[in-house]
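Each residue takes its place number in the sequence, starting with 1. The model shown is predicted, which means the values in this text are computed figures rather than measured ones.
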Amino acid sequence: MDHVNGTEQLVVFTIGEDEYGISIQVVREIIKEARVVRVPNVPAHIKGVLNLRGLVIPIVDLAEQLGVSCLDVETGERKILIAERAGVQVGYLVNEVSEVLSVSSDVLEAPTASLGGLDHTVVAAICK
């Protein structure tokens, strides 16, 4: 969050027909979907690993992790959004990356407890 003017810059991407955003501060790059090597005995939403310029990066299918169905949407060629937190890079499979959006902090709201099993480590805020 930019504390000077109270805005957050988000990289906006789609999964199915829904739009999501991730802080531009953690996005390292966006690449075309590439060959992912499967890894045995990992959760279903982890598709495997990708060797990106000598770095082995786990690839997460966000649709599966969030429980979002993409079956009725033509996906075409998906993108991998490479993000880094605490020195660890992770690639997220998304349908499309559309824009960088500046959002005022007063339109971001923390998810409420009424959203049940929502993983708050994945969804930090909801844009009103």
Side-chain angles (χ1 to χ4, degrees):
M1 177 86 56
D2 180 352
H3 295 290
V4 175
N5 62 15
T7 61
E8 174 81 25
Q9 284 195 302
L10 302 175
V11 175
V12 178
F13 59 91
T14 57
I15 299 173
E17 295 179 349
D18 299 319
E19 288 187 319
Y20 298 87
I22 185 170
S23 173
I24 197 167
Q25 295 177 351
V26 300
V27 175
R28 295 296 159 247
E29 65 184 292
I30 300 158
I31 62 173
K32 292 179 183 179
E33 187 172 15
R35 184 177 178 277
V36 175
V37 177
R38 297 200 181 274
V39 177
N41 301 318
V42 296
H45 67 275
I46 299 176
K47 293 298 150 195
V49 294
L50 170 70
N51 183 337
L52 183 64
R53 294 184 295 281
L55 256 131
V56 177
I57 299 174
I59 303 299
V60 174
D61 187 331
L62 276 179
E64 282 193 37
Q65 184 174 16
L66 296 173
V68 177
S69 173
C70 292
L71 296 177
D72 56 344
V73 178
E74 276 190 45
T75 59
E77 185 176 283
R78 298 189 296 178
K79 304 286 188 255
I80 299 176
L81 193 149
I82 307 291
E84 181 176 347
R85 289 200 179 193
V88 177
Q89 290 192 15
V90 176
Y92 297 103
L93 273 174
V94 299
N95 291 97
E96 179 181 324
V97 178
S98 58
E99 65 181 315
V100 174
L101 184 65
S102 290
V103 177
S104 173
S105 60
D106 61 345
V107 299
L108 296 174
E109 187 174 302
T112 64
S114 65
L115 292 176
L118 182 63
D119 184 349
H120 295 284
T121 62
V122 175
V123 178
I126 296 174
C127 189
K128 298 186 250 182

Would Thr14 and Val94 count as a side chain to side chain contact (heavy atoms under 4.5 Å, CB included) if you check the C-alpha gap in whole Å, the side-chain angles of each, and the deciding distance to 0.1 Å? CA-CA 6 Å; Thr14 57; Val94 299; over 6 Å; no
Contact between Leu10 and Ile24 at the side-chain level, heavy atoms closer than 4.5 Å - yes or no? no
For the pair Val90 and Val60, evaluate side chain to side chain contact (heavy atoms under 4.5 Å, CB included) and give the outcome as yes or no after the intermediate values. CA-CA 7 Å; Val90 176; Val60 174; 3.8 Å; yes
Starting from Val88, can I reach Ile82 by hopping between I/L/V/M/F/W/Y residues whose side chains sit under 4.5 Å apart? no
Which heavy atom of Ala83 sits nearest to which heavy atom of Ile22, and what is that distance? CB-CD1, 4.0 Å
Minimum side-chain heavy-atom gap Thr7-Val103 below 4.5 Å: no
Which heavy atom of Val42 sits nearest a heavy atom of Val39, and at what distance? CG2-O, 3.3 Å
Derivation and outcome, side chain to side chain contact (heavy atoms under 4.5 Å, CB included), residues Ile31 and Leu50: CA-CA 11 Å; Ile31 62 173; Leu50 170 70; 3.7 Å; yes
Closest non-hydrogen atoms of Gln89 and Glu84, given as atom of the first, atom of the second and distance, are NE2-OE1, 3.4 Å
What heavy-atom pair brings Ala34 and Ile80 nearest, and what distance separates the two atoms? N-CD1, 3.8 Å
Residues Ile57 and Gly91: closest non-hydrogen pair is CG2-N, 3.4 Å
Rounded distance [0.5 Å steps], CD1 in Ile30 versus CZ in Phe13: 10.0 Å
From CD (Gln65) to CD1 (Ile46), nearest 0.5 Å: 8.0 Å
Does Tyr92 reach the side chain of Asp61, with side-chain heavy atoms less than 4.5 Å apart? no
Do the non-hydrogen side-chain atoms of Glu77 and Lys32 ever get within less than 4.5 Å of each other? yes
Tightest non-hydrogen contact, residues Asn95 and Ile15, listed as OD1-CA, 3.1 Å
Would you call Val36 and Val49 a side-chain contact if the rule is heavy atoms closer than 4.5 Å? no
Reported CD-to-CD distance for the pair Glu19 and Glu96, which is rounded to 0.5 angstrom: 9.0 Å
Whether the Ser102 and Glu8 side chains hold a donor-acceptor pair (N or O, under 3.5 Å, no angle test) is what I'd like checked. no
Starting from Leu52, can I reach Val56 by hopping between I/L/V/M/F/W/Y residues whose side chains sit under 4.5 Å apart? no
Charged N to carboxylate O below 4.0 Å: is that the case for Lys47 and Glu33? no
Measure the NZ-CG distance between Lys79 and Leu93 for me, rounded to the nearest 0.5 Å. 11.5 Å
Do Leu81 and Val27 come within less than 4.5 Å of each other through their side chains, counting heavy atoms only? yes
